[in-house]
Amino acid sequence: MSSRVAQAARYAANMQRLSDKIFNQALPVGVSQKSARRIIRQMSEPPRELDRDFVHYYPPHVQMTYLTRYLRHLGLYRDEHLDFKEEFIRTQALRGKVKPQKGQGKRALTRAKLGLK
């Protein structure tokens with residue numbers, strides 16, 4: 001009699017395992033309860049691509065740069081670092097320390113003097 005009960009219990013356990021496997025409720029072999037809970041929690045959450053806070057975590061740098069440059073061009077925004085760089089280039093040009101443009105260097109000037117071009 002006890003062998004029939006044991007056999008029935010084994011059969012019930014096998015059927016339960018099969019049912020869990022069919023309906024994706026079984027834990028994979030070698031997975032602990034803690035990692036299984038983590039996997040189940042992650043899979044039950046909505047995808048991160050649909051989470052607005054995750055997708056828009058960083059500000060839109062390209063658009064902000066374009067906007068600030070455009071506002072600076074209109075005179076509505078002052079970028080002190082760009083102002084400093086432009087002033088530095090302007091003072092270098094006044095002192096004659098700016099690289100000549102392509103085709104305006106020493107070699108081009110001597111060729112022009114000789115009438116080769």
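Only this structure's heavy atoms are used, side chains among them; waters, hydrogens and symmetry mates stay out. Index from 1, following the sequence.
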Requested in this report: Rounded to the nearest 0.5 Å, what's the gap from CG on Leu82 to OG1 on Thr68? Could you check?
Outcome: 8.5 Å

Query raised in the report: Looking only at heavy atoms, what is the nearest atom pair of Pro100 and Gly105, with distance?
Result: CG-CA, 3.9 Å

**Report entry** Met64 atom CE: more than 12 heavy-atom contacts under 6.0 Å
**Finding:** no

Report summary line: Heavy atoms of Arg78 and Asp83 approach each other most closely as NE-OD2, 3.3 Å

Query - Nearest-0.5 Å distance, NZ of residue Lys85 to CZ of residue Phe88 - result: 12.0 Å

Report task. Report the distance from atom CG of Leu50 to atom CZ of Arg48, rounding to the nearest 0.5 Å. Result -> 12.0 Å

Report summary line: For Ala108 and Gly103, the nearest pair of non-hydrogen atoms, with its separation, is CB-O, 3.2 Å

Query raised in the report: Would one find more than 12 heavy atoms of other residues, nucleotides or ligands at under 6.0 Å from atom CD of Glu80?
Result: no

Query raised in the report: Counting heavy atoms not belonging to Gln101, are there more than 12 under 6.0 Å from its CD?
Result: no

Query - Atom pair CD1/CD of Ile89 and Glu87 - distance to nearest 0.5 Å - result: 10.5 Å

Query - Cation-pi, Tyr77 ring and Arg72 (6.0 angstrom, 45 degrees) - result: no

Query raised in the report: Considering residues, nucleotides and ligands other than Arg95, do more than 12 of their heavy atoms fall under 6.0 Å from its CZ?
Result: yes

Query - Arg41 to Ser44 - nearest heavy-atom pair and separation - result: O-OG, 2.8 Å

Query - CE on Met15 to CZ on Arg10, rounded to 0.5 Å - result: 12.5 Å

Report task. Assess whether atom NE2 of His73 is packed by more than 12 heavy atoms of other residues, nucleotides or ligands within 6.0 Å. Result -> no

Report task. Working to the nearest 0.5 Å, report the span between OG1 of Thr65 and CG of Asp79. Result -> 10.0 Å

Query raised in the report: Honestly curious: do Leu74 and Leu67 fall in one hydrophobic cluster under the side-chain, below-4.5 Å linking rule?
Result: yes

